[in-house]
Every structure is written in structure tokens, then in C-alpha cells.
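Just below is one structure, and these are the notes that go with it.
Both backbone and side-chain heavy atoms feed into the values below; hydrogens, waters and symmetry mates do not. Residue indices begin at 1 and follow the sequence shown. Atoms within each ligand, like the ligands themselves, are counted from 1 in listed order.
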Amino acid sequence: MTTPRILDGNAIATQIKAEVAAEVKELAVQGIRPGLSAVLVGHVPASEIYVRSKVRTCEELGLYSDLITPPDTITTEEMLELVAQLNAREDIDGILIQLPLPKQVNAKLLLEAVSPAKDVDGFHPVNVGRIQSGQPALAPCTPAGMIEMLKRSGIPIAGQNAVVIGRSDIVGKPISILLLQQNATVTICHSKTRDLPSFTRNADILVAAIGRPGYVTPEMVKPGSTILDVGINRITTREDFDKYFAGNTRREETFLLKGSTLVGDVHPEAFKLAGAYTPVPGGVGPLTIAMLMSNTVRAAKLRRGLTL
Ligand code: NAD
């Protein structure tokens with residue numbers, strides 16, 4: 001058995017970000033500076049970390065960014081008013097509403113209020129429909145990043161059996177459509193799928209987007225396949241650590257230092273059978289922000305009728 005190839009998300013994200021920075025420079029010559037507005041409601045620590053890193057990346061790449069931080073008492077009506085203002089702003093090309101939102105805010109209504117032209121998360125039904133029908137659109141960042149990962153790593157997609165575990169609107173469904181557009185033969189599995197291993201064992205490309213630590217085990221994997229692990233699960237107990245990482249001294253150092261570590265939806269033992277795989281962390285994760293930047297530049301161009 002050959003050693004599996006590790007698909008390095010950080011390296012590919014760096015590449016994409018360099019390309020975005022170059023495009024931002026080209027647009028600057030025409031007097032255009034793509035701008036992203038991030039709306040962060042209340043104080044959810046994980047959201048604060050994500051949004052800060054998105055804003056910081058904008059600054060690094062030369063995009064304009066604007067952080068709006070309403071209190072967690074904000075109403076749906078007030079949020080709708082805020083979105084309407086952002087939709088109308090000429091200096092803003094992308095609007096990002098960080099989820100989760102407080103309970104009293106109707107998230108669905110709000111995401112549909114974002115102008116599809118500025119919907120850099122690709123969640124608006126208009127963009128979902130356009131992607132489905134193969135028209136120019138803004139695709140959700142994580143799935144779009146996964147396609148970039150496969151293409152830039154020279155992994156063929158056309159004609160391959162792709163099996164996606166998970167059917168969420170954010171990952172499972174859109175990655176299935178994007179893989180189909182690349183001419184893969186796509187099977188979507190989910191919590192009601194009977195005999196999951198009978199599908200996954202046939203996967204040349206296996207996408208795990210479940211949200212359950214180490215759920216994909218070695219007997220579910222086709223030897224030599226490509227595994228994209230989207231799951232991000234934090235483990236904090238010694239028992240869990242030993243379940244996934246027994247004998248992994250490098251991981252153990254981090255675990256002891258931080259008191260936790262991340263594991264994907266794929267058991268590390270299952271990766272050993274793969275031809276190539278995305279590690280957790282450092283696989284699919286870093287691509288999300290890179291694609292958000294890329295989508296913001298894309299939105300700036302699409303909105304002005306510039307060629308992509
Ligand atoms: P979700 O909870 O919305 O969806 C999970 C899906 O898994 C569901 O469609 C469900 O049908 C399926 N599922 C659940 N149990 C199953 C089972 N036993 N067998 C088969 N299918 C099962 O989650 P999501 O938003 O799609 O996220 C999935 C994971 O990806 C999470 O760990 C999340 O943190 C991570 N994630 C990472 C990124 C990133 O790397 N940037 C982005 C989004 C999500």
C-alpha cells in the first residue's frame with residue numbers, strides 16, 4: 001500500500017489568495033476596490049474568531065472591509081433595514097451575515113433579503129438556482145473550495161463515482177451539484193440512508209460532511225480513493241483522544257497543551273487506505289475564507305458586467 005497524499009488546504013488557500021490579491025490590484029487600476037461587509041450579531045466567541053479572520057484576510061488582500069456589530073437584542077425588522085442599507089451601498093460588493101443568529105431573528109427571511117448580487121456566501125435561493133442550472137453565480141464557499149482543491153491537485157472528477165455523506169444546504173447539497181457539473185456520478189447519502197458502507201465503498205471521491213467525529217471507518221473506504229473530510233469536531237477527553245489518535249505523539253502534544261484537538265468526520269485510520277485526503281485541521285477549512293475573498297471579487301466584477 002502506498003502512502004496517501006495529503007491535500008494541503010493551507011497551501012492551496014495561499015495560492016487562491018495570491019490570485020485574488022493580484023485581481024484586486026488589476027481592479028484598482030480601473031478605480032474599483034471590492035468591498036465586503038461582515039455583520040456579526042452579539043458575542044458568540046467562535047463567530048467572533050471567524051469574522052475577525054475574514055476581515056483580516058480582506059485587509060491582507062487589499063479588499064475594503066466593513067465590520068458591523070449589532071447587539072444580540074436586534075430584531076428581524078432592524079436586521080432587514082441594515083441589509084437594505086448594505087444592498088444599496090455602492091462600496092459594498094459582498095454581504096456576509098455570520099451565523100448563528102439570535103433566536104428572535106428570522107435567519108431565513110434575512111438571508112433571502114440579501115441582494116443575490118452581493119450574496120458572497122451563496123445561500124440565496126437565486127444563487128442556489130443559478131448554480132443548479134449552470135449559470136454564472138456565487139457558489140457557497142466551502143463546496144467551491146473543495147472543487148478548487150480537487151482541480152488544483154490534479155484529481156480527476158469526470159466519470160468518477162462521488163459519494164457525498166450529508167445533505168445540508170451549506171455543504172452536502174451544493175458540493176453534490178458542483179461535482180455533478182464536473183461530470184462525476186454523484187450519490188448523496190444522509191441520516192436515513194440504509195447500508196451506508198455499500199455506497200461509500202464504491203466512492204472514488206468520498207465527501208464526509210456529517211458533523212460526527214470519526215464516523216467514516218476503514219471498512220467504509222475504497223482503497224486508493226480521494227477523501228474530502230469537511231467535519232470539524234472538537235474532542236476534549238482522553239478517552240476520545242485515544243479513540244482517534246492513540247500513538248500520535250505530535251497530536252498528543254497539542255492536545256495536552258490546549259486541552260482539546262480537532263477530528264474530522266473520518267477516522268484517522270480510514271485515511272490510511274486513501275490515495276489522497278484532506279487532513280483536519282488544514283484541509284478543507286482554510287479554503288472557505290479564500291473562496292469568500294474570491295467570491296467578493298467575483299461579485300464586484302459580475303455586478304459591473306466585467307468579464308470573469
Ligand atoms: P449539518 O448538521 O447541517 O448536516 C449534517 C448532515 O449529515 C445531514 O444532512 C444528515 O443527514 C447527515 N447525517 C447525520 N448523521 C448521519 C449518519 N449517521 N449517516 C449519514 N448521514 C448522516 O452539518 P453541515 O453544516 O453540513 O456540517 C457538517 C460538518 O462540516 C460539521 O462538522 C461542520 O462543522 C463542518 N463544516 C466545515 C466547514 C469548513 O471547513 N469550512 C464549513 C461548514 C461545515
Protein contact to atom 17 (C) of ligand 1 [nearest heavy atom, distance to 0.1 Å]: Y215 OH, 3.7 Å
Atoms of ligand 1 close to G166 [distance to a heavy atom under 4.0 angstrom, numbered from 1]: 6 (C), 7 (O), 9 (O), 12 (C)
Short side-chain donor-acceptor distance under 3.5 Å, E19 and Q15: no
Protein heavy atom at shortest distance from atom 8 (C) of ligand 1: R167 N, 4.0 Å
Reported CD1-to-CD distance for the pair I74 and Q104, which is rounded to 0.5 angstrom: 9.0 Å
Identity and distance of the protein heavy atom lying nearest atom 31 (C) of ligand 1: G211 CA, 3.6 Å
Main-chain N/O of I210 paired to D265 side chain as donor or acceptor, under 3.5 Å: yes
T237 and E239 side chains, donor-acceptor separation under 3.5 Å: no
Residue portion contacting ligand 1 (non-hydrogen atoms closer than 4.0 Å) for T142: side chain
Distance-only side-chain donor-acceptor flag, H43 / E48, under 3.5 Å: yes
R212, portion touching ligand 1 at heavy-atom distance under 4.0 Å: side chain
Given V83, L96, I68, the one that forms side chain to side chain contact (heavy atoms under 4.5 Å, CB included) with S37: I68
Heavy-atom gap G172 to ligand 1 smaller than 4.0 Å: no
Candidate with minimal heavy-atom separation from atom 40 (O) of ligand 1, of G285, C141, A208, G264: G285
Check: D204 side chain, N161 main-chain N or O, donor-acceptor pair, under 3.5 Å: yes
Cluster overlap L292 with L27, hydrophobic side-chain contacts below 4.5 Å: yes
Nearest candidate to atom 34 (O) of ligand 1, where distance is taken over non-hydrogen atoms, out of L228, I232, I175, T288: I232
Ligand 1 contact on I165 by region, counting heavy-atom pairs under 4.0 Å: side chain
Close approach, C189 and ligand 1, non-hydrogen under 4.0 angstrom: no
Shortest protein contact, atom 25 (O) of ligand 1 (heavy atom only): S168 OG, 3.9 Å
Ion pair check, E253 and K258, cut-off under 4.0 Å: no
Contact (N/O only, under 3.5 Å) between D265 and ligand 1: no
Heavy-atom gap V230 to ligand 1 smaller than 4.0 Å: yes
Under 4.0 Å to a heavy atom of V171 - the qualifying atoms of ligand 1, by number: 26 (O), 43 (C), 44 (C)
